[in-house]
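Working notes, beginning with the structure itself.
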Amino acid sequence: MPSHEPDDSRRRRTAENEKGNPMSGAEVELETDRCVASGQCVVAAGQVFDQDDDGIAVLLAERPAPEHLDDVREAVAVCPAAAIRLLER
């Protein structure tokens, strides 16, 4: 059975985002049970999303850096399963 844990490179990218960049007040929600593995979120915002071995979206940054917010908005718009939400505060 494939692991749904992010690999070391994914953890590293998330840790760098959490430590090195000023975070926005926005938060990403991903409903993995709705994901249809199209990969459109990764194409739109690869800094924030990845896919596991089954193609299911994996959230790399729950609170993306401000410079990635437009990409996340695009990912929300193109997700065929409407599995992504961006909560902007």
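One-based numbering along the sequence shown. For clarity, every value in this text was computed on a predicted model and none was experimentally measured.
For the pair Leu59/Phe49, a side-chain contact is recorded, criterion being any heavy-atom separation below 4.5 Å from C-beta on. A heavy-atom distance below 4.5 Å is not found between the side chains of Val76 and Arg85. Taking the side chain as every heavy atom from C-beta outward, Arg89 and Glu27 approach each other to under 4.5 Å. Between Leu60 and Val48 the shortest side-chain heavy-atom distance does not fall below 4.5 Å.
Across all their heavy atoms, Asp71 and Ala44 have their closest contact at CB-O, 3.2 Å. Shown here for Ala61 and Val28, the closest heavy-atom pair between the two residues is O-CG2, 4.2 Å. When every heavy atom of Ala57 is checked against every heavy atom of Cys35, the shortest pair comes out as N-SG, 3.3 Å.
If you take CG on Asp70 and CG on Leu86, they are separated by 10.0 Å, rounding to the nearest 0.5 Å. Here CD of Gln51 is found 6.0 Å from SG of Cys41. Values are rounded to the nearest 0.5 Å. If you take CZ on Arg73 and CD1 on Ile84, they are separated by 14.0 Å, rounding to the nearest 0.5 Å. Distance check: Cys79 SG to Glu74 CD gives 11.5 Å after rounding to the nearest 0.5 Å. Rounded to the nearest 0.5 Å, atoms CG (Leu87) and CZ (Arg63) are 9.5 Å apart. If you take CD1 on Ile56 and CG on Asp33, they are separated by 9.5 Å, rounding to the nearest 0.5 Å.
Between the side chain of Asp52 and the backbone N or O of Asp54 there is at least one donor-acceptor pair closer than 3.5 Å.
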